[in-house]
Amino acid sequence: MEKINIAIDGPAGAGKSTIARLVANELGFVYVDTGAMYRAVTWSILQANLRPEQEEEVISVAQRLHIRLVPGEEGQQVFVDGQDVTAEIRSAAVTGNVSRTSQIAEVRRILTEKQKQLAADKGVVMDGRDIGSHVLPDAELKIFLTASVRVRAERRYKEIQDSRPEVTLEQLEQEIASRDKMDEQRETSPLVQAADAILLDTTEMTITEVVERILELCRSKVGGGK
């Protein structure tokens with residue numbers, strides 16, 4: 001298939017990372033998890049005993065970090081300055097602070113430049129919250145992936161039962177609803193469906209069905225099959 005860039009946006013827990021990775025694998029494209037990049041910055045500032053409110057210090061950390069995304073057998077591995085932090089960036093502490101870190105305009109600018117560079121040669125599937133509207137406005141295919149808050153909470157609950165057994169489904173539902181509100185209301189690059197993005201509500205869809213639908217849309221965009 002001809003190389004194109006695919007932007008997949010949507011709220012927390014919509015399954016963007018899983019879907020984007022599977023689509024990239026099917027097409028032989030590069031998967032870029034932008035959320036992991038913001039989590040990497042957040043993990044780094046917490047390691048330095050900083051808070052998102054300390055904006056100047058946070059920006060300084062973001063500027064000097066070297067973030068590397070590497071495909072792995074069990075998903076994408078994330079390295080910060082050579083250290084594998086794939087598991088660490090999914091901690092409750094990082095989850096609780098990443099939205100505030102991502103609200104810092106200069107941090108978003110720094111990471112957006114890194115993301116644009118990764119997509120310069122085409123053949124990229126990138127997921128996040130402002131990819132189609134801001135990071136890759138010229139992407140050939142834009143998808144806005146969503147699902148009901150309840151279903152997103154149930155999906156996340158299944159994912160984290162082993163790592164966060166103390167968290168209830170109701171807590172997750174509240175966390176996701178709060179994250180939606182913060183992402184939609186932030187001043188810099190808020191969560192929004194790009195005007196030319198295709199809305200996919202996955203509340204009643206399986207992962208396989210979503211992947212197949214996106215692959216169909218890819219084929220229609222380039223006028224041929226895989």
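Only a predicted model underlies this, so the values are computations on that prediction, with no experimental measurement involved. For the numbers below, each heavy atom of this structure counts, side chains included, while hydrogens, waters and symmetry mates do not. Counting from 1, the numbers follow the sequence of the chain as shown.
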### Path from Val85 to Leu50 over hydrophobic side-chain contacts below 4.5 Å
yes
### Task
Could you pull out all residues at least two apart from Glu216 that satisfy side-chain contact (heavy atoms from CB on, under 4.5 Å)?
Arg213, Arg219
### Message
Within a 6.0 Å radius of atom CD on Glu204, are there more than 12 heavy atoms belonging to other residues, nucleotides or ligands?
### Response
no
### Task
List the atom of Ala139, the atom of Ala7, and the distance in Å for their closest heavy-atom pair.
CB-CB, 4.1 Å
### Task
Compare all side-chain heavy atoms of Leu172 with those of Ile160 and state whether any distance is below 4.5 angstrom.
yes
### Task
Could you grab the distance from atom CG of Leu145 to atom CG of Leu199, nearest 0.5 Å is fine?
9.0 Å
### Message
Could you report the tightest heavy-atom contact between Thr203 and Ser148, atom names first, then the distance?
### Response
OG1-N, 3.0 Å
### Summary
Taken to the nearest 0.5 Å, the spacing of Ser91 OG from Trp43 CH2 works out to 10.0 Å
### Query
Can you find a heavy atom in the side chain of Val124 that is under 4.5 Å from one in the side chain of Ile6?
no
### Message
Would you say that more than 12 heavy atoms from the other residues, nucleotides or ligands in this model lie under 6.0 Å from the CD1 of Ile207, or not?
### Response
no
## Note on the structure
In this structure, CD of Glu159 is separated from CD of Glu154 (nearest 0.5 Å) by 12.5 Å
### Ala62 to Ile110 - nearest heavy-atom pair and separation
O-CG2, 3.9 Å
### Query
Would you say Leu65 and Val41 make side-chain contact, with heavy atoms under 4.5 Å?
yes
### Query
Any side-chain heavy atom of Met37 within less than 4.5 Å of one from Leu69?
yes
### Message
Between Arg150 and Leu169, does the side chain to side chain contact (heavy atoms under 4.5 Å, CB included) criterion hold? Intermediate values first, please.
### Response
CA-CA 9 Å; Arg150 181 68 179 187; Leu169 180 59; 3.2 Å; yes
### Query
Which atom names give the shortest non-hydrogen contact between Ala14 and Thr146, and what distance separates them?
CB-CA, 4.2 Å
### Query
Quick one: side-chain contact (heavy atoms from CB on, under 4.5 Å) partners of Ser60, sequence neighbours excluded?
Arg64
### Message
Counting C-beta onward and ignoring hydrogens, is there a side-chain heavy-atom pair between Ile67 and Leu111 closer than 4.5 Å?
### Response
yes
### Query
Is Val149 reachable from Val151 through a run of I, L, V, M, F, W or Y residues, each pair having side-chain heavy atoms under 4.5 Å apart?
no
### Any donor-acceptor N/O pair, Glu209 side chain to Thr206 backbone, under 3.5 Å
yes
### Message
Given 3.5 Å as the limit, does a donor-acceptor pair link the side chain of Lys142 with the main chain of Asp196, or not?
### Response
no
#### Entry: Residue pairs passing the side-chain hydrogen bond (donor to acceptor under 3.5 Å, both in side chains) test where at least one lies in residues 114-125, sequence neighbours excluded
Lys122-Glu140
### Message
Would you compute the distance between atom NZ of Lys221 and atom CD1 of Ile4 and round it to the nearest 0.5 angstrom?
### Response
8.0 Å
### Query
Given the rule in the side chain to side chain donor-acceptor pair (under 3.5 Å) test, do Gln193 and Asp9 qualify, once you have shown the distances and angles that lead to the verdict?
CA-CA 7 Å; Gln193 181 180 338; Asp9 290 305; over 6 Å; no
### Task
For the residue pair Tyr31 and Asp127, confirm or rule out a side-chain donor-acceptor distance under 3.5 Å.
yes
### Query
Looking only at heavy atoms, which two atoms of Phe29 and Lys3 are closest? And how far apart?
CZ-CA, 3.9 Å
### Query
Do Val80 and His66 come close enough that some side-chain heavy atom pair is under 4.5 Å?
no
#### Entry: Check against side chain to side chain contact (heavy atoms under 4.5 Å, CB included), Val61 and Glu57
CA-CA 6 Å; Val61 169; Glu57 291 87 346; 5.7 Å; no
### Task
Give every residue pair that meets the salt bridge (Lys or Arg N to Asp or Glu O under 4.0 Å) criterion with at least one member in residues 161-172, sequence neighbours excluded.
Arg164-Glu175
### Message
Could you tell me if Arg68 sits above the aromatic ring of Phe79, with its cationic atom closer than 6.0 Å to the ring centre and no more than 45 degrees from the axis?
### Response
yes
### Query
Judged by atom type as modelled, is there a donor-acceptor pair below 3.5 Å linking the side chain of Gln54 to the main-chain atoms of Arg51?
yes
### Query
Backbone N or O of Ser102 within a donor-acceptor pair of the Arg108 side chain at under 3.5 Å?
yes
### Test side chain to side chain donor-acceptor pair (under 3.5 Å) applied to Thr202 and Arg155, Lys16, Arg152, the passing residue
Arg155
### Query
Same cluster for Met182 and Val192 if Ile/Leu/Val/Met/Phe/Trp/Tyr side chains link at under 4.5 Å?
no
### Task
Kindly determine whether Leu215 and Leu27 satisfy side chain to side chain contact (heavy atoms under 4.5 Å, CB included), including the steps that lead there.
CA-CA 8 Å; Leu215 291 176; Leu27 297 174; 3.8 Å; yes
### Task
Could you name each residue pair satisfying salt bridge (Lys or Arg N to Asp or Glu O under 4.0 Å) that touches residues 29-44, not counting sequence neighbours?
Asp33-Arg90
### Message
Using a 3.5 Å distance criterion without hydrogens, assess whether the side chain of Asp130 forms a donor-acceptor pair with backbone atoms of Pro190.
### Response
no
### Message
Testing the basics here: between Ile214 and Leu200, what is the closest heavy-atom pair and its distance to 0.1 Å?
### Response
CG1-CD1, 3.8 Å
### Query
Val125 versus Ile8: any side-chain heavy-atom pair under 4.5 Å?
yes
### Query
In Å, rounded to the nearest 0.5 Å, how long is the span from CD of Gln103 to CD of Glu187?
9.0 Å
#### Entry: Main-chain N/O of Val78 paired with Thr86 side-chain donor or acceptor, under 3.5 Å
yes
### Task
For Asp183, check salt bridge (Lys or Arg N to Asp or Glu O under 4.0 Å) against everything at least two apart and list the hits.
Arg129, Arg179, Arg186
### Message
Is there a continuous path of hydrophobic side-chain contacts, each under 4.5 Å between heavy atoms, that joins Ile176 to Val167?
### Response
no
### Message
The test is side chain to side chain contact (heavy atoms under 4.5 Å, CB included); show your working for Ile198 and Phe144 and say whether it passes.
### Response
CA-CA 6 Å; Ile198 297 167; Phe144 193 87; over 6 Å; no
#### Entry: Ile19 reachable from Val135 in the ILVMFWY side-chain graph, under 4.5 Å edges
no
### Query
Any side-chain heavy-atom pair from Ile131 and Val32 closer than 4.5 angstrom?
no
